[in-house]
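Notes follow the structure.
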Amino acid sequence: MTTPVTLDRDRVRELFDLRGAYLAQVGGGYHGDPYPAWHRLRAEAPLHPGTVHELTGYDGPAHFQGLPYPDRPHFSAFSYAACDEAYRNAEVFAASPTPIDPRTGELAAQNSMLSMGGPQHRRYRALVQPSFVPGKAQWWIRNWIEQTVHLLIDSFAAEGRAELNVDFCAAIPVLTITGSFGVSVERALDIRAALRDPQAIVEILAPVVAARRAHPQDDLISVLVEAEMTDEDGVAHHLSDAEIYSFAVLLLTAGSGTTWKQMGITLTALLQRPEVLTAVREDRDLLRPAIEEALRWTPTDPMFSRYVTRDTDLHDVHLPEGSVLHLCIGAANRDPARWDRPDEFDITRKLRPSFAFGGGAHVCLGMHVARAEMRVGIGALLDRLPGLRLDPDAAPPRFIGLYERGATEIPVVFHAATEGNGRE
Ligand code: HEM
């Protein structure tokens, strides 16, 4: 028997509303469409001095990975080719300006493999990579994604209307990751809230880590406690608690907000194009290209940064050692040199890899989990909510935010489930 999901919706809203204070600092106050400015900038030159938000004309708070470093020179790349070149050259374009040590440093996503380089990054990444390969997607779906998705739909299927952005899209990734940590649904939101105070995460995870060290189970914390890492000096050791917490904070930070907003972007794109939604409903094989096209068309995080380790030239621009290069992957994903009609959301276009999941050594570890969450989530909505469409009486969804983009709200109506059209 499954336990009903009892999530406090008001608390979910407070933690996940893109317009809330939590996200204001990453450019949540930006309500415009950045793509015209990015097209103009890319047409002028592939690289410009300045940050993406300055160049886009936004002067509100816009903190993100790579910002702020007011004393360093900043440059931003807007073409696919320039981003590609930087992603491929991790020696010159490093993920962190300083060395990283998750065993001793502060507990934060930045103090994890996200910011490491070379062999150190490879060693840490190799420990978790086997749990995130395409062949493991079913493990995630079966253990956590499928039941989360259906229990959430159960909570509104009889009502005939729902707000999918927060009540559905936001909840899936956070419950998937906390579920994989062995944390209960009741405590899942405490974990999300604790991202403001990572020490609180330790308090929630410490008993789980101790329990898994004693009795490993079929979950991610067990993978981490059992993992053995060989240091540079050839000595093998198990991960310390601090290293496990650092992985956990990284996965929570990197995997929950992103997938939530990307699923909302994909759903919005489909709901705003009823003929495309119908095509996907009738031929579920179209769901994959729809997800990939949404990732290209509007990646939720359109900018990541790299640190220049020695004087170099990139596309005729001199980048001094110590400067910061912002890769505007949102602009790169609509580069007309790579995609025809780049502003169009077209699920029939020939698939070419985009930078929505980044590139090079740090390419998103969780991309197959994210894809599985979006596929299972949207597929289940189409299976279980006949007549699903945007609520004609509510304000339509809009995309807002600069460094974390997502939909405001996704109000929908559908034929309410009665006995017989619910889940078997
Ligand atoms: C649609 C959802 C997602 C998007 C758009 C996304 C995007 C990205 C991007 C662009 C990067 C590279 C950052 C850089 O170049 O500095 C990245 C890295 C990463 N992502 Fe994701 N991500 C998503 C979902 C997830 C999920 C579900 C997880 C985990 C469960 C995850 C875990 C990670 C990790 C651990 C890294 C760092 C990898 C490394 O440093 O080697 N992501 N992600």
Side-chain angles (χ1 to χ4, degrees), residues 64-67 77 83-84 86-88 90 93-96 100 102 109-118 120-129 131-133 136-137 139-141 144-145 169-170 172-181 219-220 223-224 246-267 291-292 294-307 324-330 332-333 353-378 403-406:
F64 203 63
Q65 179 229 23
L67 294 162
C83 291
D84 193 38
Y87 267 136
R88 283 172 192 275
F93 300 103
S96 166
I100 295 296
Q110 298 306 330
N111 192 30
S112 71
M113 70 168 165
L114 181 67
S115 307
M116 294 174 187
Q120 185 197 24
H121 173 256
R122 282 196 289 279
R123 278 201 312 278
Y124 274 91
R125 183 158 170 141
L127 289 181
V128 275
Q129 183 85 47
S131 300
F132 289 88
V133 294
K136 273 282 181 180
W139 182 68
W140 286 88
I141 292 173
W144 301 290
I145 301 174
C169 300
I172 295 169
V174 82
L175 291 176
T176 300
I177 298 184
T178 51
S180 79
F181 290 169
D219 62 21
L220 206 57
V223 169
L224 293 173
S246 147
F247 260 125
V249 168
L250 171 63
L251 294 174
L252 277 163
T253 318
S256 48
T258 44
T259 315
W260 150 43
K261 283 177 265 124
Q262 193 66 44
M263 193 179 322
I265 288 167
T266 312
L267 263 174
I291 288 167
E292 296 307 314
L295 282 159
R296 179 201 70 80
W297 177 68
T298 302
T300 176
D301 292 353
M303 190 280 279
F304 284 91
S305 309
R306 291 297 185 263
Y307 302 85
V324 190
L325 176 64
H326 306 290
L327 308 179
C328 187
I329 59 179
N333 278 5
S354 80
F355 283 136
F357 288 119
H362 291 272
V363 70
C364 179
L365 174 79
M367 61 183 160
H368 303 298
V369 177
R371 287 178 168 126
E373 288 175 308
M374 294 192 276
R375 211 170 55 241
V376 173
I378 298 174
Y403 290 143
E404 294 196 19
R405 287 184 66 69

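Order of appearance sets the numbers: ligands from 1, and atoms from 1 within every ligand.
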Q | Short N or O distance, His362 and ligand 1, threshold 3.5 Å exclusive | A | yes

(Q) Closer than 3.5 angstrom, by distance alone: can the side chain of Trp140 be matched with the main-chain N or O of Val369 as a donor-acceptor pair? (A) no

Q. Can you list the ligand 1 atoms lying under 4.0 Å from a non-hydrogen atom of Met113?
A. 35 (C), 40 (O)

Q: Go through ligand 1 atom by atom and flag the ones less than 4.0 Å from a non-hydrogen atom of Arg125.
A: 38 (C), 39 (C), 41 (O)

**Q.** Minimum non-hydrogen distance to atom 26 (C) of ligand 1, winning option of Cys364, Ser131, Pro302, Gly255
**A.** Gly255

(Q) Would the distance check show the side chain of Gln65 and the main-chain N or O of Ser305 forming a donor-acceptor pair, the cut-off being under 3.5 Å? (A) yes

Q. So is there a nitrogen or oxygen of Thr259 less than 3.5 Å from a nitrogen or oxygen in ligand 1?
A. no

Q | Distance-only N or O hit between ligand 1 and Glu373, under 3.5 Å | A | no

Q: Can you sort out which atoms of ligand 1 are near His121, meaning under 4.0 Å from one of its heavy atoms?
A: 39 (C), 40 (O), 41 (O)

Q) Hey, which atoms in ligand 1 end up nearer than 4.0 Å to a heavy atom of Ala370? A) 1 (C), 2 (C), 24 (C)

Q: Number the atoms of ligand 1 from 1 as they appear, then name those within less than 4.0 Å of a heavy atom of Leu250, with their elements.
A: 35 (C)

Q) At a 4.0 Å threshold, what atoms of ligand 1 neighbour a non-hydrogen atom of Tyr87? A) 15 (O)

**Q.** Stepwise side chain to side chain contact (heavy atoms under 4.5 Å, CB included) test for Leu251 and Leu220
**A.** CA-CA 11 Å; Leu251 294 174; Leu220 206 57; 3.5 Å; yes

**Q.** atom 36 (C) of ligand 1: nearest protein contact (heavy atom, Å)
**A.** Leu365 N, 4.0 Å

(Q) I need the nearest protein heavy-atom contact for atom 5 (C) of ligand 1: residue, atom name and distance, please. (A) Ala356 O, 3.6 Å

Q) What are the atoms of ligand 1, with element, lying closer than 4.0 Å to any heavy atom of Gln262? A) 1 (C)

